[in-house]
Amino acid sequence: MLATALLAAFVGLGSALTFQGRDGLANVYDSCVTPGTAAFSFDDGPYIYSKDISKMFTDAGGHCTFFVNGDNWDCIYDSRQQDSLKFAYASGHQIASHTWSHKDLTKCDNATMQSEINQVDVALQRILGITPAFMRPPYGAFNDDVRAAAAANGKELVIWDFDSGDSTDPPTNATKIKQDYDAAKTRTGKILALNHETSNTTVSEVMPSVIQVYLDYGYKLVTVAECLGNKPAYSATTEAGKPNYQWHC
Ligand SMILES: *[C@@H]1O[C@H](CO)[C@@H](O)[C@H](O)[C@H]1NC(C)=O
Ligand SMILES: *[C@@H]1O[C@H](CO)[C@@H](O)[C@H](O)[C@H]1NC(C)=O
Ligand SMILES: *[C@@H]1O[C@H](CO)[C@@H](O)[C@H](O)[C@H]1NC(C)=O
Ligand SMILES: [Zn+2]
């Protein structure tokens, strides 16, 4: 189907905002606003496939988004991970926060929540010189305290409207994930998809095929910030730092 037909078929459907920001509470987005956009997001890294994912989207003429942890599958300060982050950022992919150690923030006190958010900001300021404007709470779990903490740190919350199932226990198999993606492409004409960059299946089997399917259907592969109407991905940018003894998990 041509891109124009794709757009015409779906314009005006749905609303991106789950919760509108008010009284110091962050906005919560669970879908894209721009028709024809596909925002593929990858959680829980940086890990060993970050560069492969970056390259895949760059080669497809598009961009994707990484919601990164500080200390989860690997340490963000590991030199390999610093390198992967620099590579992804320099390629124009969006770097967003998934908090430091992947705790359920709705079960944290305010001080812990603050530290979970702040430590990733500090790491990304050091490594890339950026402060992410978007954050995905682990497990997609949030309440008003989480929204308040996000807003206090200059962040909006991002959930998703398509879960590939690559982190369920057991993970959904590649064939099923590809079928689900195929069905989702005709759903609303935009997609904000949750994937995990820690899944080899996602990286080696699912994405190469799904990217082509979405391109062929007329979608633009964009970052989450772009799919929300070209919002700024970062609330601040500065010079990146130089590694020192404080850079550790
Ligand atoms: C956490 O912070 C929010 C405002 O940011 C406040 O409303 C709430 O009472 C705080 N909770 C605790 C347990 O201090
Ligand atoms: C994958 O999942 C589908 C749907 O649940 C199932 O029909 C199929 O047998 C599964 N394939 C493998 C290899 O497990
Ligand atoms: C990932 O999966 C591919 C295809 O099954 C395999 O060739 C490759 O060795 C795997 N990589 C890792 C790091 O496990
Ligand atoms: Zn996660």
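Both ligands and their constituent atoms are indexed starting at 1 by order of listing.
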Practice problem: May I ask you to list the protein N, O or S atoms found at less than 2.8 Å from the Zn ion (ligand 4)? | Solution: Asp44 OD1, His98 NE2, His102 NE2
Practice problem: Taking side chain to side chain donor-acceptor pair (under 3.5 Å) as the test, write out the residues that go with Asp166, two or more places apart. | Solution: Ser164, His196, Thr202
Practice problem: Mark yes when over 12 heavy atoms from residues, nucleotides or ligands other than Glu239 sit less than 6.0 Å from its CD; otherwise mark no. | Solution: no
Practice problem: For His93 and Phe57, work out which heavy atoms get closest and say how close. | Solution: CE1-CB, 3.7 Å
Quiz item: Which pairs pass salt bridge (charged side-chain N to carboxylate O under 4.0 Å, His left out) with one or both residues in residues 115-141, sequence neighbours excluded?
Solution: Asp43-Arg136, Lys103-Glu116, Asp121-Lys155
Quick check for students: name every N or O atom pair between ligand 2 and the protein closer than 3.5 Å, with distances.
| unit_1 | atom_1 | unit_2 | atom_2 | d |
| --- | --- | --- | --- | --- |
| ligand 2 | 2 (O) | Asn173 | OD1 | 3.4 |
| ligand 2 | 2 (O) | Asn173 | ND2 | 2.3 |
| ligand 2 | 11 (N) | Asn173 | ND2 | 2.9 |
| ligand 2 | 14 (O) | Asn173 | ND2 | 3.3 |

Self-check item: Arg187/Asp161 ion pair, N-O < 4.0 Å
Solution: yes
Practice problem: For Arg147 and Asp144, run salt bridge (charged side-chain N to carboxylate O under 4.0 Å, His left out): C-alpha distance rounded to whole Å, both residues' side-chain angles, the deciding distance at 0.1 Å, then the answer. | Solution: CA-CA 5 Å; Arg147 294 176 67 198; Asp144 279 0; 3.5 Å; yes
Self-check item: Sidechain N-carboxylate O distance under 4.0 Å for Glu156, Lys231
Solution: yes
Quiz item: Do Asn153 and Gln114 have a side chain donor and acceptor closer than 3.5 Å?
Solution: yes
Quiz prompt | Trace of the salt bridge (charged side-chain N to carboxylate O under 4.0 Å, His left out) decision for Lys107 with Asp104 | solution = CA-CA 6 Å; Lys107 301 194 165 85; Asp104 180 342; 3.1 Å; yes
Quiz item: Are Tyr217 and Asp182 linked by a side-chain donor-acceptor pair shorter than 3.5 Å?
Solution: no
Quiz item: Counting each atom of ligand 1 from 1 as listed, which ones have a heavy atom of Ala148 under 4.0 Å away?
Solution: 5 (O)
